[in-house]
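Each chain gets a letter, A, B and so on, in the order its sequence line appears, and its residues count up from 1. Owing to the predicted nature of the structure, the values given are computational and were not obtained by experimental measurement.
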2 protein chains.
Amino acid sequence: MSGRLSSSYDAGVTATRPVDKFDRRRTELAESALLTLGELGYARASLREIAGNSPFSHGVVHYYFDDKLELVIYSIRHYKARCVTRYDAVVRDSATAGELVEAFAAKLAQTIRDEAPMHRLWYDLRTQSMFEDGLREAITEIDATLEAMIWRVVDRYATLSGRPPAVGPAAAYGMLDGLFQQALLTYLSAGEPVLTGLSAQVRTVLPLMLGRP
Amino acid sequence: MSGRLSSSYDAGVTATRPVDKFDRRRTELAESALLTLGELGYARASLREIAGNSPFSHGVVHYYFDDKLELVIYSIRHYKARCVTRYDAVVRDSATAGELVEAFAAKLAQTIRDEAPMHRLWYDLRTQSMFEDGLREAITEIDATLEAMIWRVVDRYATLSGRPPAVGPAAAYGMLDGLFQQALLTYLSAGEPVLTGLSAQVRTVLPLMLGRP
DNA sequence: GACATCTCTTGACAACTGTCAAGATCGGGC
DNA sequence: GCCCGATCTTGACAGTTGTCAAGAGATGTC
């Protein structure tokens with residue numbers, strides 16, 4: 001944990017919930033860390049480099065975090081917490097199955113455009129968790145929330161289509177995540193054209209995930 | 001390249017094609033490197049560690065390879081060259097569509113059982129290629145051969161089924177690779193049971209990849 | 001204003017990294 | 001035997017890493 005008593009928010013505050021200055025600094029550091037991590041990857045992002053892209057000096061990291069691993073885990077958790085709601089609007093606002101497919105495909109492509117460094121960082125950390133035990137638990141937990149996020153889309157799509165899903169949550173997530181990762185990979189070399197390809201794939205694949213009415 | 005004139009095999013040899021002692025040592029080193037890389041991952045596998053798991057000392061690496069990157073690329077190429085034929089027997093020997101699905105699903109599960117470290121290394125390097133330009137070209141090339149490998153399976157499956165594929169090579173590879181990677185990830189935590197799940201997923205998903213006759 | 005606590009910087013540490021050069025060792029041709 | 005090139009080891013280099021301790025600065029309390 002931290003270097004102080006852990007301050008589980010609202011330790012005697014009125015209403016605005018300032019979450020403690022300590023926690024705010026942690027988040028601030030995490031946000032800086034995400035920039036550097038997304039640019040260099042887990043292995044090559046040193047604490048000095050991370051601190052260099054922040055308003056602080058390199059020593060301050062160990063005041064707010066026990067070690068590099070805790071900072072990284074805190075950072076990716078902080079980022080992914082925002083992400084898991086990315087497709088909720090799609091699910092909520094789509095009135096027909098076709099509309100949902102279009103909105104989902106567009107959103108997938110857009111997030112690669114907007115946040116490619118964050119996505120490659122996520123895949124980097126998930127892969128590192130196959131080598132480093134310290135990462136495994138956090139990564140597994142986040143991955144489960146992503147699977148749930150995708151399942152909300154697929155399940156709603158099935159409902160709107162009046163047909164049952166033909167695959168389970170894990171398979172649906174695995175397949176779509178595979179396509180997404182592939183698109184991300186080639187996007188970093190080939191750029192924009194890849195994304196229309198991804199949208200087309202999603203339009204093809206989503207219907208395949210449903211069975212007969 | 002190397003530290004010597006590059007010896008593109010058979011520089012005046014009779015028949016057994018000894019490929020040159022130089023190239024044999026390169027391969028020998030590459031095979032040792034694969035062990036260490038598969039255990040520690042790209043970032044944490046140092047040249048000293050790699051050499052330590054080989055019959056040689058750490059300095060010899062730079063006699064056979066220019067730098068770490070060339071060694072790693074040579075190693076993964078060496079490994080994947082053997083891999084791309086993994087499912088060829090399945091394609092060749094299956095007489096019915098159902099037989100092919102079964103054989104393919106079994107083979108996928110078996111290679112996770114047998115070569116998990118090599119597979120996680122591959123995903124590690126592919127992810128690193130999103131951060132390191134020096135890896136990109138080799139990774140992209142290998143990935144294309146894997147896509148072709150998967151397509152041979154899917155295409156043959158379509159033929160045996162008397163139905164056309166409903167998705168292209170890229171999408172088929174992306175989806176199956178996603179499932180495979182997911183299975184690998186959870187296999188490293190949960191072990192054997194995951195693999196029967198993977199087989200089940202493949203039995204479900206492959207038929208979904210075909211259209212109407 | 002003085003004290004105490006929180007916050008942050010600076011500088012150092014030991015360990016480790018990829019790289020390379022100098023030289024030892026080996027093997028075969030004469 | 002001797003020599004020469006190929007092969008390999010040893011030891012060093014400059015740089016980087018995560019970590020931490022000592023202390024400076026800030027902040028709020030009495």
| said: Checking B:R156 now: which residues fulfil salt bridge (Lys or Arg N to Asp or Glu O under 4.0 Å) with it, not counting sequence neighbours? | reply: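 Testing B:R156 for salt bridge (Lys or Arg N to Asp or Glu O under 4.0 Å), a comparison that skips the adjacent residues, returns none.
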
| task | Can you sort out the partners of B:E147 under salt bridge (Lys or Arg N to Asp or Glu O under 4.0 Å), two or more places apart, ordered by chain and number? | result | none

| task | Do nucleotides 14-19 of chain C as a string where each nucleotide becomes B, S or -: B if the base has a protein heavy atom under 4.0 Å, S if just the sugar-phosphate does, - if no protein is that close. | result | ---SBB

| According to the salt bridge (charged side-chain N to carboxylate O under 4.0 Å, His left out) rule, which pairs have a member within residues 30-43 of chain B, sequence neighbours left out? | B:E39-B:R120

| task | Can you tell me which residue pairs pass the salt bridge (charged side-chain N to carboxylate O under 4.0 Å, His left out) test with a partner in residues 165-193 of chain A, sequence neighbours excluded? | result |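 Those involving residues 165-193 of chain A are A:R113-A:E192, A:R126-A:D177.
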
| request: Give a yes/no on whether any side-chain N or O of B:Y63 is located under 4.0 angstrom from OP1 or OP2 of D:dC8. | output: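 Result: no.
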
| message | Applying side chain to side chain contact (heavy atoms under 4.5 Å, CB included), can you list everything that pairs with A:D88, at least two apart in sequence or on another chain? | response |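 So A:D88 forms a side chain to side chain contact (heavy atoms under 4.5 Å, CB included) with A:T85, A:R152.
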
| said: My understanding is that only residues two or more places apart in sequence, or in another chain, count here; which of them pass side chain to side chain donor-acceptor pair (under 3.5 Å) with A:H58? | reply: none

| field | side chain to side chain donor-acceptor pair (under 3.5 Å) involving B:E137 - partner list, sequence neighbours excluded | value | none

Protein-nucleic acid N or O pairs under 3.5 Å, nucleotides 23-29 of chain D:
none

| field | Set of ring pair (Phe, Tyr, Trp, His ring centres under 6.0 Å) partners for B:Y187, sequence neighbours left out | value |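 Listed in chain order: nothing, the list is empty.
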
| Test ring pair (Phe, Tyr, Trp, His ring centres under 6.0 Å) applied to A:Y42 - qualifying residues, sequence neighbours left out |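 Testing A:Y42 for ring pair (Phe, Tyr, Trp, His ring centres under 6.0 Å), a comparison that skips the adjacent residues, returns none.
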
| query | Of all the nucleotides listed (D:dT9, D:dC8, C:dC8), which has the minimum atom distance to the side chain of B:S57? | reply |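 Shortest atom-to-atom distance from the side chain points to D:dT9.
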
| note | Of the candidates C:dT7, D:dT9, C:dT9, the side chain of B:F56 sits closest to D:dT9

Check the distance between [N]'s [atom2] and [X]'s [atom1] and give it to me in whole angstrom.
{"X": "B:D23", "N": "D:dA6", "atom1": "CG", "atom2": "P", "value": "15 Å"}
{"X": "A:L71", "N": "D:dG18", "atom1": "CG", "atom2": "P", "value": "10 Å"}
{"X": "A:F65", "N": "C:dT7", "atom1": "CZ", "atom2": "P", "value": "13 Å"}

| said: Over 60° means perpendicular and under 30° means parallel, so tell me whether A:Y63 and A:F22 are parallel, tilted or perpendicular. | reply: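 Answer is perpendicular, since the angle exceeds 60°.
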
| field | Euclidean distance, B:R24 CZ relative to B:K21 NZ, rounded to 0.5 Å | value | 7.5 Å

Please list each protein N or O that sits under 3.5 Å from an N or O in nucleotides 24-26 of chain C, with the distance.
none

